[in-house]
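To start, the structure under review is shown below, and the notes come after it.
Nothing fancy with the numbering, it's 1 onward along the sequence. Order of appearance sets the numbers: ligands from 1, and atoms from 1 within every ligand.
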Amino acid sequence: MASDRRADGSAGPSEAPSEALAAATSPALPERVRIVEVGPRDGFQMEPGFLPTELKIELIDVLSRSGLAEIEATSFVHPEAIPQLRDAAEVMADIARAPGVRYSALVPNLRGAERALGAGVDALHMVIAATETYNRRNVRMGQGESMAQLERIARRAAEASPAVPVAVTLAVTFGCPFEGQLETGEIVRLARRVASAGAREIGLADTAGLAHPHLVRRIVAEVRGALPDTALRLHLHDTRGLAPANALAAMELGVDTFDSAFGGLGGCPILRGATGNLATEELVNLCDELGVATGVDLEVVRRASRRLAQHLGRTLPSRVLAAGTREELYRANRGQGE
Ligand code: COA
Ligand code: ZN
């Protein structure tokens, strides 16, 4: 195969023709994707043991230097509901905030929002589930009560100086283990409700990893059509290996903000068989391959993953963390096939 390798050995065989083909056949992709790193929240909440506060801070500080746009640093929930994140205020107080990085936190109610605002977060991510059953199990209140909490949170966040933006993440949008898949019209109605209650951004979450590209296209297209002025973010779990395919399907519809977790950490505490988020390494690698800018230095993200893997004494699920990039593969094997 040496004959069709580039002279400098840096790129794969037949690179130029396949890129020309891609440009001719692929739908337009966003020029740039914003990545919200949720490992410190979605990931750390799932670790069976409590991660030392200093380690959380060290890892967030590494991630802060990777070029990520935003880090969901923790959650301000009931300390008995998620004991792993009971140190939320200490984490927020002691991280070294990098200029240009937004530090957000997940909150379930007004009490959590007040604690988060007191800790100086840049943005609030409230979580409301798309189904009544899931919402009750997760936050012990009905959707109506969550909506009322959201209105109060939005008012309180608007009074902060400077005002703090509120996003709502709609859990189980792409399928609920208890209620199944909601009608798309139902999801659109919920999205309208949260937008009119004060959400500036809506995160559509595939909490149980049930999404597939057709479903992503259908739901994203409907929600965007109904709410063209509300920013959309996708929160994908890679439970069935479809998260990168789902991300690509959403990008092809112009979605440019994605949650992901370093190392592929993540899960959901009330869900049996829950697995990790779309890995940040895989999302960055996908975007790099597609020529979509992220501003993220993959090596710095991997530094955080390797540090955590070393602390935990186990490998993390991210495949790009294990396998490296295409460039690295070629570099490592240069000259071997001759
Ligand atoms: N942070 C800290 N304490 C909180 C709190 C918060 N966000 N919300 C409520 N509390 C306190 C109240 O002040 C009250 O304290 P008191 O007994 O001293 O007066 C007590 O908790 C009970 O309040 P209540 O509103 O009845 O809460 P609850 O017991 O029904 O629990 C939630 C509701 C939302 C706080 C809890 O279910 C929760 O934190 N869930 C988070 C789930 C989660 O993170 N899931 C994974 C991410 S999607
Ligand atoms: Zn999640």
Side-chain angles (χ1 to χ4, degrees), residues 35-47 71-92 104-119 121 124-131 133-150 152-153 156-157 167-178 203-211 233-240 242-243 246-247 258-280 283 317:
I35 300 183
V36 180
E37 171 58 56
V38 297
R41 195 279 303 169
D42 209 319
F44 296 173
Q45 78 180 6
M46 285 302 286
E47 287 306 316
I71 300 177
E72 195 178 71
T74 186
S75 66
F76 288 85
V77 300
H78 196 291
E80 278 166 28
I82 310 284
Q84 292 91 333
L85 300 181
R86 62 178 184 262
D87 56 359
E90 290 100 298
V91 168
M92 283 307 302
S104 52
L106 181 139
V107 300
N109 57 9
L110 181 63
R111 170 93 184 90
E114 278 169 348
R115 289 176 57 215
L117 291 170
V121 301
L124 295 168
H125 286 180
M126 192 197 178
V127 60
I128 303 181
T131 65
T133 312
Y134 203 94
N135 205 58
R136 282 192 185 280
R137 296 222 185 167
N138 195 33
V139 292
R140 296 163 49 117
M141 60 186 124
Q143 286 174 313
E145 175 57 16
S146 279
M147 292 290 173
Q149 291 285 319
L150 169 61
R152 296 175 69 191
I153 290 171
R156 178 70 187 75
V168 169
T169 300
L170 287 175
V172 296
T173 302
F174 298 93
C176 168
F178 312 120
L204 301 175
D206 184 22
T207 314
L210 295 168
R233 176 169 45 84
L234 232 63
H235 176 99
L236 300 166
H237 281 259
D238 201 22
T239 321
R240 290 172 180 78
L242 291 178
N246 292 331
F258 292 86
D259 289 354
S260 64
F262 72 106
L265 301 172
C268 175
I270 61 162
L271 197 59
R272 230 173 277 143
T275 66
N277 291 94
L278 168 60
T280 303
L283 178 58

* Structure fact -> All heavy atoms of Thr239 vs all of Gly273, minimum pair found to be CG2-O, 4.0 Å
* Out of curiosity, Asp42 CG to Thr207 OG1, how far, rounded to the nearest 0.5 Å? -> 8.5 Å
* Asked: Which heavy atom of Pro177 sits nearest a heavy atom of Leu271, and at what distance?
  -> CG-CD1, 3.1 Å
* To do: Measure the spacing between CE of Met126 and CD1 of Ile153 and express it to the nearest 0.5 Å.
  => 4.0 Å
* To do: Indicate if the distance from the Zn ion (ligand 2) to the nearest N, O or S atom of Cys268 falls below 2.8 Å.
  => no
* State the CG-CD distance between Leu150 and Gln143, to the nearest 0.5 angstrom. => 12.5 Å
* Has Asp259 got an N/O/S atom less than 2.8 Å from the Zn ion (ligand 2)? -> no
* **Closest approach to the Zn ion (ligand 2) by His237, given as the N, O or S atom name** => NE2
* Structure fact -> For the Zn ion (ligand 2), angle spanned by Asp42 OD2 and His235 NE2 (nearest 10°) is 90°
* When you look at Arg240 and Thr275, which way does the side-chain hydrogen bond (donor to acceptor under 3.5 Å, both in side chains) test go after all the steps? -> CA-CA 9 Å; Arg240 290 172 180 78; Thr275 66; over 6 Å; no
Does ligand 1 have any N/O atom under 3.5 Å from a protein N/O, and what are those pairs and their distances?
from	atom 1	to	atom 2	distance (Å)
ligand 1	1 (N)	Val77	O	3.3
ligand 1	1 (N)	Arg115	NH1	2.8
ligand 1	7 (N)	Phe76	O	3.1
ligand 1	7 (N)	Asn109	OD1	3.1
ligand 1	7 (N)	Gly112	N	3.3
ligand 1	8 (N)	Asn109	ND2	2.8
ligand 1	21 (O)	His78	NE2	3.2
ligand 1	29 (O)	Arg140	NE	3.4
ligand 1	29 (O)	Arg140	NH2	3.4
ligand 1	30 (O)	Arg140	NE	3.1
ligand 1	39 (O)	His78	N	2.7
ligand 1	40 (N)	Asn138	O	3.4
ligand 1	45 (N)	Asn138	OD1	2.8

* Thr169 OG1 to Asp259 CG distance, which is reported to the nearest 0.5 Å -> 6.0 Å
* Spacing of NE2 belonging to His78 relative to CG belonging to Asn109, to within rounding of 0.5 Å -> 9.5 Å
